[in-house]
> 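Here you go, one structure.
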Amino acid sequence: MSDTVLNHIQNAHSVGKKLFAVLIDPEKCSGDSLLNFISLINKAKPDFIFVGGSQLRHSIDEAVIVIKEHSSIPVVLFIGNAVQFSPNADAMLVLSLISGRNPDFLIGQHVECAIEIKKSGIEAIPTGYVLVGRGQRTAVETVSGTDALSDTETIVRTAIAGELLGQRLIYLEAGSGAQSPVYDGVIAAVRDNVATPLIVGGGIRSTSMIDKALVAGADLIVVGNHLENTPSDIVPFVETVRRHNAANLS
Ligand code: 1GP
């Protein structure tokens, strides 16, 4: 891909083209199961492979190298802490957890790996990360020591504030393995108020959930857990996004 990852997302957003990313957590998927998953991913051709995990306490470089060796799909770091950083990915979402008030996830982890990121020359994409809750507490809330937002107006204000602070993407996150994905009313409300491309993930486990999020205004859908358990669903999931594009793009 000659384009940068951010350009790719922004260009798609400007014409209403929707995108799909599969999330690989190297702690849950490695060895032969990683290789088998990569070959399915290569068949389905999602737009991006996100790599990262909220719990990992070591670099994910090994997994990134394996994925890069076996796939030409752009690899984007989606890491939960500084030690997971790998210089070998194509890009990195530099997440700032703007829904919370824990300085470590607003700026602290970034300071930890700032020099490594700069030296690597990796494409770093400032991303406002917004945890959206619907009741059940998720691992990302526990790990980050923050509470998800549930009030739509506060979520909208937070997304706007992220945009005002220069975030290039807004990520609405229900949490990995969340019982329910981000409610489509919340996606639509944020969509109406920010021009920034919207990533939506957490708890998406069916084609109808993908459709709902796309119709509500998500630009990029991320699915991890469900595809770890049912890898072959990546084919219908990517097809759902393609069908949406075919029906809505002239
Ligand atoms: C989690 O948004 C991602 O950070 C994906 O969530 O694993 O629930 O698909 P799932």
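In this text, all values refer to a predicted model and were calculated from it rather than measured experimentally. Whatever order the structure lists them in is the order used to number ligands and atoms, beginning at 1.
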> Closer than 4.0 Å to some heavy atom of Val223 - which atoms of ligand 1 meet that?
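Those of ligand 1 that fall under 4.0 Å from Val223 are 9 (O).
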> Looking at Asp147 and Arg137, does any basic side-chain N land under 4.0 Å from a carboxylate oxygen?
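A salt bridge is present here (some side-chain N lies under 4.0 Å from a carboxylate O).
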> Any atoms of ligand 1 less than 4.0 Å from a non-hydrogen atom of Glu173? List them with their elements.
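Selected atoms, number and element: 1 (C), 2 (O), 3 (C), 4 (O).
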> If you measure every N or O of Ile204 against every N or O of ligand 1, does any of those distances drop under 3.5 Å?
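Not met; the criterion fails.
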> Would you mind running through ligand 1 and noting each atom that sits below 4.0 Å from a heavy atom of Tyr171?
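In order of number, 2 (O), 3 (C).
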> Using only heavy-atom distances, determine whether the side chains of Ser33 and Asn36 contain a donor-acceptor pair under 3.5 Å.
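The answer is no; no qualifying pair exists.
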> Please lay out, stage by stage, how Phe37 and Val22 fare under the test side chain to side chain contact (heavy atoms under 4.5 Å, CB included).
CA-CA 10 Å; Phe37 195 26; Val22 54; 3.5 Å; yes
> How close does the nearest protein non-hydrogen atom get to atom 5 (C) of ligand 1, and which residue and atom is it?
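Of every protein heavy atom, Gly202 N, 3.6 Å lies nearest to atom 5 (C) of ligand 1.
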> Can you label the angle between the Phe50 ring and the Phe78 ring as parallel, tilted or perpendicular, going by 30° and 60°?
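Rings of Phe50 and Phe78: tilted, 30 to 60°.
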> Can you name the atoms of ligand 1, numbered from 1 with element, that are less than 4.0 Å from a heavy atom of Leu23?
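Once the distances to Leu23 are compared, the set is 1 (C), 3 (C), 5 (C).
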> Charged N to carboxylate O below 4.0 Å: is that the case for Lys68 and Asp90?
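Salt bridge flag = yes for Asp90 with Lys68.
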> What is the closest protein heavy atom to atom 7 (O) of ligand 1, and at what distance does it sit?
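In this structure, atom 7 (O) of ligand 1 has Asn225 N, 2.8 Å as its nearest protein heavy atom.
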> Need the ligand 1 atom indices (1-based, order shown) with element for anything under 4.0 Å from a heavy-atom of Gly224.
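So the answer, numbered in order with elements, is 5 (C), 7 (O), 9 (O), 10 (P).
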> Are Phe105 and His110 an aromatic pair, judged by ring center distance below 6.0 Å?
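Distance test on ring centres: not under 6.0 Å, no.
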> Of all the atoms in ligand 1, which lie at a distance below 4.0 Å from a heavy atom belonging to Phe78?
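Per the distance check, 4 (O).
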> Using a strict 4.0 Å threshold on nitrogen-to-oxygen distance, state whether Asp219 and Arg191 make a salt bridge.
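Counted as a salt bridge, because a side-chain N and a carboxylate O are separated by less than 4.0 Å.
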> Give yes or no for whether the N/O distance cutoff of 3.5 Å, strictly under, is met between Gly177 and ligand 1.
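By distance alone, the answer is yes.
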> Would Gly203 count as being in polar contact with ligand 1, using the rule that some N or O on each side must be under 3.5 angstrom apart?
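For ligand 1, there is an N or O atom that lies under 3.5 Å from one belonging to Gly203.
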> Would you say the side chains of Asn102 and Ser144 form a donor-acceptor pair under 3.5 Å?
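Ser144 and Asn102 do not have a side-chain donor-acceptor pair below 3.5 Å.
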